[in-house]
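Written below as structure tokens is the structure these notes are about.
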2 protein chains.
Amino acid sequence: MSKCEQCIIRQLNSLQHLSKEELIRMSNCKTSKTIKKGEAIFEEGDRLKGVFCIREGVCKVSKMSENGRNHIIGLVTKGDLLGERSLISDETSNLKAIALNDMQVCFIPKEEIMKDLEKNPNFSLSVLKDMANNLKQADNVIVDMAQKTVKQRLAETLLNLQAKFGTNKENVIDVYLSREDIANIIGTATESAIRLLSDLKKNKIIMFKGKQISILNSSELERISQGF
Amino acid sequence: MSKCEQCIIRQLNSLQHLSKEELIRMSNCKTSKTIKKGEAIFEEGDRLKGVFCIREGVCKVSKMSENGRNHIIGLVTKGDLLGERSLISDETSNLKAIALNDMQVCFIPKEEIMKDLEKNPNFSLSVLKDMANNLKQADNVIVDMAQKTVKQRLAETLLNLQAKFGTNKENVIDVYLSREDIANIIGTATESAIRLLSDLKKNKIIMFKGKQISILNSSELERISQGF
DNA sequence: TTTAAAACATGATATTTGTCACAATTTTAA
DNA sequence: TTAAAATTGTGACAAATATCATGTTTTAAA
């Protein structure tokens, strides 16, 4: 099993602020897991016993609405931590995490993380900063959901996906989502998402073949997301 | 000027975890401010030099959308802290705070708070828990905004207002908001909010005279918010 | 490879919501 | 106190979006 103190993934998140000794201790109590495409890392209502550090793959983090539809709150990928919040607030998870492709994750037990949070102010301040940023981000999403049209949100989501996941050499956005998943990110009916994607294609603003989506005209997409 | 170590407001937020010495130090560097109805505590883009502890009054915390409309993210009232997030992430504020009535707030300089965050793990863990809760709450709002109809959101907002502010002896919800503010909380046009409020009144689910709103049938309101 | 299931797509239609116009009422300030 | 401004309220209509029905294509499993 690989060692935390040598792991490069750690450089991508708050764990980079841990000392060498703390990392060695962590390495000794962590476990590695493989999660297959479609499987859950955890479900709504689960009591998490630790946090997950994503080494490989992507998962969708979602929540059931009172209307019985699923809403995707975020996509979590290499280098991200998953589950800190339920751990810190000491409640069962309000979210569900499903792998979009095969994943490699490390599991770090709760006690280990909590010990570090209490003993290492650099670490806890980093987690705090992270949460402050997430909260700011969440505010933006709330305003977008409340004020933007479905078309605007779709345009913005496509830009966000490209910014987060980048593109391959054929200019295809490096994450494959079903139309339903896209609809569940922007909060609309699958049919509406499909229709609007087709519109964008017809107007040569994007191109797609199945789940492979490319942005052809990002400045126009930007304009659309701002309501023009 | 009153002393932090004797202040009962502090018991309502994370400041309760500070030691007596920390509170005395804080008391010596804090300043008290009066903010009149309609005035801003801070604006979007301001660089905050500290946090505000609300002693009296209510303010709305809002953000401009790209569409040019204002969206109210939250209402902040007695006992709440305001501004910790911008402080922690060390960025200019993404939010604006406007007093809904005359307010009394204490201002605690940034250096003081940051010192306590680094030195007192109990305090920083409490702030962390607070943020984790806010983030969970934000997730719920995102899903509501994305999936619920305007009518559902209005019903839920009325219930939330009553839960947060309570009622006076005449059963009137103890916060006065304009129709426009209500519309800006649920993310709809003012006219739509007015129409739906009138509907609820016609069906004897609520009652109102101007800004004084009473809930007559909260179980029905609950049903509506859940989509029936 | 064949077949069933899932995902994608599109049309028709109903519902929700926004926009504009304007009137009535309330609040604010001179 | 009175005039101006802001807020509240309502109707008519347009635009956005959801829903339902149905067909096609793609994917996965036997």
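Note: hydrogens, waters and symmetry copies are ignored here, and every other heavy atom, side chains too, is used. Throughout, protein chains are lettered first and strands after them, A, B, ... in sequence-line order, and every chain is numbered starting at 1.
As judged by a 4.0 angstrom heavy-atom cut-off over every strand, B:Thr190 is placed among residues making no nucleic acid contact.
The side-chain heavy atoms of B:Ile213 and B:Met207, taken from C-beta on, include no pair separated by under 4.5 Å. A:Leu196 has its side chain out of reach of A:Leu200: every pair of non-hydrogen atoms, C-beta onward, lies at least 4.5 Å apart. Within the 4.5 Å cutoff, the side chain of B:Leu100 has no heavy atoms near those of the B:Tyr176 side chain. Contact annotation: the side chain of B:Thr92 never approaches that of B:Asp46 to less than 4.5 Å [non-hydrogen atoms, C-beta and beyond]. The shortest side-chain heavy-atom distance between A:Ile173 and A:Ile215 falls under the 4.5 Å cut-off. Side-chain contact between B:Leu177 and B:Ile72 is absent, with no heavy atoms from C-beta onward closer than 4.5 Å. At a threshold of 4.5 Å between non-hydrogen side-chain atoms, the residues A:Ile98 and A:Ile41 do not count as touching.
Taking atom CG on B:Asp181 and atom C1' on D:dT7, their separation rounds to 11 Å, with Å as the unit. The CD-P distance, from A:Gln152 to D:dA16, rounds to 10 Å in whole Å. The CG atom of B:Leu177 sits 15 Å away from the C1' atom of D:dT8 (whole-angstrom rounding). At whole-Å resolution of the value, CD in B:Gln212 and P in D:dT7 are 18 Å apart. B:Ile182 has its CD1 atom 13 Å from the P atom of D:dT7, to the nearest Å. When the P atom of D:dT8 is taken as reference, atom CD of B:Glu180 falls 8 Å away, rounded to whole Å.
Computed from C1' positions of five pairs at each end, the angle between the two local axes of the helix from C:dT1-D:dA30 to C:dA30-D:dT1 equals 50°, rounded to 10 degrees.
Salt-bridge formation is detected for the pair A:Lys164/A:Asp80: a Lys NZ or Arg NE/NH1/NH2 atom is positioned less than 4.0 Å from an Asp or Glu carboxylate oxygen.
Heavy-atom contacts of chain A under 4.0 Å fall on DNA chain C between two terminal nucleotides, which in 5' to 3' order are C:dA7 to C:dA12.
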- Task: Sugar-phosphate atoms are those with a prime plus P, OP1 and OP2; base atoms are the rest. Using that split, label each nucleotide of nucleotides 17-27 of chain D B, S or - for protein heavy atoms under 4.0 Å, 5' to 3'.
- Result: SSBB-------
Which pairs of donor and acceptor atoms, one on a side chain in residues 134-143 of chain A, lie under 3.5 Å apart (sequence neighbours left out)?
from: A:Lys136; atom 1: NZ; to: B:Glu91; atom 2: OE1; distance (Å): 2.3
from: A:Asp139; atom 1: OD2; to: B:Arg85; atom 2: NH2; distance (Å): 2.4
from: A:Asn140; atom 1: OD1; to: B:Lys63; atom 2: NZ; distance (Å): 3.1

Throw together a table of side-chain donor-acceptor distances under 3.5 angstrom for residues 47-62 of chain A, partners on residues two or more places apart or in other chains.
from: A:Arg55; atom 1: NH1; to: A:Ser2; atom 2: OG; distance (Å): 3.2
from: A:Lys60; atom 1: NZ; to: A:Asp181; atom 2: OD1; distance (Å): 2.9
from: A:Ser62; atom 1: OG; to: A:Asn70; atom 2: ND2; distance (Å): 3.1

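Sorted by first and then second residue, the side chain to side chain donor-acceptor pair (under 3.5 Å) pairs with a member in residues 217-228 of chain B read B:Asn217-B:Ser219, B:Glu220-B:Arg223, B:Glu222-B:Gln226; sequence neighbours excluded.
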